[in-house]
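The structure appears right after this line, and notes come after that.
Position 1 is the first residue of the sequence; numbering continues from there.
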Amino acid sequence: MFGIPGKQAVSITDKAAAQIAKLMKKDNHQGLRIGVKKGGCAGMEYTMDYVTEVDPLDEVVEQDGARVMIAPMAQMFLFGTEIDYETSLLESGFKFRNPNVVDACGCGESIKFDEDLSAS
């Protein structure tokens, strides 16, 4: 929808692709749908849900057995984002490196986009 021909909407690191593929196999999911919703102290939050059925309006990115679907309303917010999976002594989880984010809360759970992008 908001893509550039020949360029995927988001990129997935090898670690993230391996984790997504593992999650897909666990309960025979079709992939992982990512999106954004209003919430958190900075105004927006990422969402992630297992998908049992691919929505024809989703942007689909596939890599090394992993499939990520981007919800239609989130495509303009997520274009250019790198999805990674990080593990540390205290936590592990998906990390989003999103060039469209202009601010984030201190805990890193919520984000803010440029006013022009949010008004679209």
Side-chain angles (χ1 to χ4, degrees):
M1 225 171 154
F2 289 93
I4 296 173
K7 181 171 171 55
Q8 292 196 34
V10 298
S11 61
I12 306 169
T13 66
D14 292 341
K15 287 182 183 179
Q19 184 65 21
I20 293 166
K22 179 179 167 184
L23 292 171
M24 286 172 59
K25 287 180 188 174
K26 185 176 179 182
D27 289 317
N28 204 25
H29 296 292
Q30 294 296 309
L32 198 60
R33 179 174 292 120
I34 59 172
V36 294
K37 68 176 183 175
K38 289 187 184 281
C41 50
M44 301 285 276
E45 298 174 316
Y46 292 111
T47 62
M48 298 182 82
D49 298 298
Y50 292 115
V51 175
T52 54
E53 209 172 287
V54 179
D55 184 321
L57 297 177
D58 284 346
E59 179 75 26
V60 179
V61 176
E62 295 183 272
Q63 178 182 318
D64 301 327
R67 183 179 301 123
V68 171
M69 280 72 80
I70 306 169
M73 294 301 289
Q75 291 173 13
M76 68 180 166
F77 295 107
L78 296 173
F79 189 78
T81 298
E82 178 187 68
I83 302 169
D84 194 9
Y85 189 80
E86 296 178 355
T87 303
S88 70
L89 289 173
L90 299 175
E91 65 181 0
S92 61
F94 291 99
K95 302 291 180 189
F96 294 83
R97 291 183 191 93
N98 187 335
N100 304 306
V101 171
V102 295
D103 198 10
C105 67
C107 65
E109 293 295 318
S110 67
I111 50 180
K112 182 178 179 183
F113 296 99
D114 186 309
E115 298 296 326
D116 293 335
L117 189 61
S118 297
S120 298

| Would you call Met69 and Asp55 a side-chain contact if the rule is heavy atoms closer than 4.5 Å? |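 Counting from C-beta outward, Met69 and Asp55 never come under 4.5 Å.
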Is there a continuous path of hydrophobic side-chain contacts, each under 4.5 Å between heavy atoms, that joins [X] to [Y]?
X: Val101; Y: Ile12; answer: yes
X: Phe77; Y: Phe96; answer: yes
X: Ile20; Y: Val10; answer: yes
X: Val61; Y: Leu23; answer: yes

Rounded distance [0.5 Å steps], [atom1] in [X] versus [atom2] in [Y]:
X: Gln30; Y: Asn28; atom1: CD; atom2: CG; value: 7.0 Å
X: Gln75; Y: Ile34; atom1: CD; atom2: CD1; value: 10.0 Å
X: Met76; Y: Asn100; atom1: CE; atom2: CG; value: 10.0 Å
X: Ile83; Y: Tyr46; atom1: CD1; atom2: OH; value: 9.0 Å
X: Thr13; Y: Phe94; atom1: OG1; atom2: CZ; value: 9.0 Å
X: Lys22; Y: Tyr85; atom1: NZ; atom2: OH; value: 7.0 Å

Nearest heavy atoms of [X] and [Y], plus distance in Å:
X: Ala74; Y: Gly35; result: CB-CA, 3.5 Å
X: Ala66; Y: Ala17; result: CB-O, 3.4 Å
X: Ala21; Y: Gly65; result: CB-O, 3.7 Å

Query raised in the report: Can you list the residues that meet the side chain to side chain contact (heavy atoms under 4.5 Å, CB included) rule with Lys37, with sequence neighbours excluded?
Result: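 Lys37 satisfies side chain to side chain contact (heavy atoms under 4.5 Å, CB included) with Glu45, Thr47 once adjacent residues are dropped.
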Expected output: side-chain Asp58 to main-chain Val60 donor-acceptor under 3.5 Å: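 Absent.
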(Q) As a test of understanding, state which of Met24, Arg33, His29 forms a side chain to side chain contact (heavy atoms under 4.5 Å, CB included) with Tyr50. (A)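 Answer to the side chain to side chain contact (heavy atoms under 4.5 Å, CB included) test with Tyr50 among Met24, Arg33, His29: His29.
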Salt bridge (Lys or Arg N to Asp or Glu O under 4.0 Å) contacts touching residues 66-93 (sequence neighbours left out):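 Qualifying pairs: Glu62-Arg67, Glu82-Arg97, Asp84-Arg97, Glu86-Arg97, Glu91-Lys95.
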